[in-house]
S.K.: 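To start, I am sharing the structure in question, which I have written as structure tokens.
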Amino acid sequence: MVCEKDPLVQKVCELYEQISSLESLKPCKDVNMLFTQLVVTCMPPSPIDVTKLCKSIQDIRCKLIRLCGEAEGHLESHFSTILGSYDNPLHHLNIFPYYSNYLKLSQLEFNILTKHCSNLPTKVAFVGSGPLPLTSIVLASFHLTTTSFHNYDIDPSANSMAVQLVSSDPDLSQRMFFHTSDIMDITNDLKDYDVVFLAALVGMDKETKVRVIDHVAEYMAPGALLMLRSAHGARAFLYPVVDPCDLRGFEVLSIFHPTDEVINSVVIARKIPITKQCSVEYPLAPAKLPNKCFDIEMFNPLNHVNLLEELDIEEQLS
């Protein structure tokens, strides 16, 4: 059981107390300083397993993830508003302080995606795109240059700001679409997408995250790919964790845990064709979905080299 005596946990708890006492999480000197300290604390590779935290620390972790999500939303809104004031917002994306991280993350996701599909997708969905949809913008601009991107967000003001960023661009304005919807209300339209991206903060607790995954599993086309963001080690104090056994109805293809400044882990899974699905009932899933749950063997990467785990399901089952 990991508890308060662990130095890392102690530091995270101290930062949580300071962050939770702030009057506002909108960008300012104090907010920026505290969240920078939090990220720096949680970024180094760590053997900590957040599932083994004691109850009081688990509660703090859940609250901290929500605070991080709120602060991230304010930060994106702040910079989206600034960018929207330019005639050509996309020419100034580098003013966002984490733009280089998005470049690296999008390159990583593109590399993983192309490893598991023979043809580039023609139509993708990004769920939880927010006011500053940098993943969609970077992928559309540099990697998937003929693909159409359908961005879903539940917040109409977020979509309004996002539209402003691409409306002046002759290319992206024709390939990026924005839908103000709760993904749980989207059903048959999900069958149209070759790839569905699920943002890290869609479902900030385990139960909600699993409900969203079960929902897209019911309606995605067989063979379509689901790309999710997760977290590993101490980074799980910042973002929710997606476990392989949460992906009912999917074949997990690989999980990648970066050890550099890219915080999120990347999970890619393929929707299992109906003919391969087992007739096992799951209480949270509206359809008969198989549960492919397995252990992932971890090791410490040397010199902080990125760790890629290839999971061959056929070998796991043989």
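Here, residue 1 is the first one in the sequence, and each next residue gets the next number. Note: hydrogens, waters and symmetry copies are ignored here, and every other heavy atom, side chains too, is used.
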S.K.: Are side-chain N/O atoms of Q10 and D6 paired as donor and acceptor at under 3.5 Å?
M.R.: no

S.K.: Under 4.5 Å between any side-chain heavy atoms of V31 and S24, yes or no?
M.R.: no

S.K.: Is there a side-chain contact between I137 and Y102, using heavy atoms and a 4.5 Å cut-off?
M.R.: no

S.K.: Got a list of side-chain donor-acceptor pairs under 3.5 Å for residues 161-174, not counting sequence neighbours?
M.R.:
unit_1 : atom_1 : unit_2 : atom_2 : d
S167   : OG     : Q164   : O      : 3.4
S168   : OG     : D87    : O      : 3.2
D169   : OD2    : D171   : N      : 3.1
D169   : OD2    : L172   : N      : 2.7
D171   : OD1    : R175   : NE     : 2.9
D171   : OD2    : R175   : NH2    : 2.9
S173   : OG     : D169   : O      : 2.5

S.K.: Taking side chain as C-beta onward, heavy atoms only, is Y16 less than 4.5 Å from E14?
M.R.: no

S.K.: For residues H232 and S265, is any side-chain donor paired with an opposing acceptor at under 3.5 Å?
M.R.: no

S.K.: Quick one: do R66 and E70 satisfy salt bridge (Lys or Arg N to Asp or Glu O under 4.0 Å)? Show the steps, please.
M.R.: CA-CA 6 Å; R66 292 190 177 277; E70 183 181 345; over 6 Å; no

S.K.: Is there side-chain contact between D246 and L228, with heavy atoms separated by less than 4.5 Å?
M.R.: no

S.K.: Kindly indicate whether the side chain of F197, heavy atoms from C-beta on, has any atom under 4.5 Å from the side chain of V127.
M.R.: no

S.K.: Would you say L67 and S20 make side-chain contact, with heavy atoms under 4.5 Å?
M.R.: yes

S.K.: Side chains of L38 and I19, heavy atoms from C-beta outward: is any pair under 4.5 Å?
M.R.: yes

S.K.: Angle class for the Y193/H150 ring planes (parallel below 30°, perpendicular above 60°, tilted otherwise)?
M.R.: tilted

S.K.: Regarding D59 and S56, do their side chains bring together a donor and an acceptor under 3.5 Å, going by distance alone?
M.R.: no

S.K.: Is the shortest side-chain heavy-atom distance between M227 and V267 below 4.5 Å?
M.R.: no

S.K.: Around K26, counting heavy atoms of other residues, nucleotides and ligands shown, do more than 12 lie under 6.0 Å from its NZ?
M.R.: no

S.K.: Does R270 use its side chain to pair, donor to acceptor, with the backbone of E251 at less than 3.5 Å?
M.R.: no

S.K.: Assess, by modelled atom type and distance only, whether the side chains of E76 and Y98 contain a donor and an acceptor separated by less than 3.5 Å.
M.R.: no

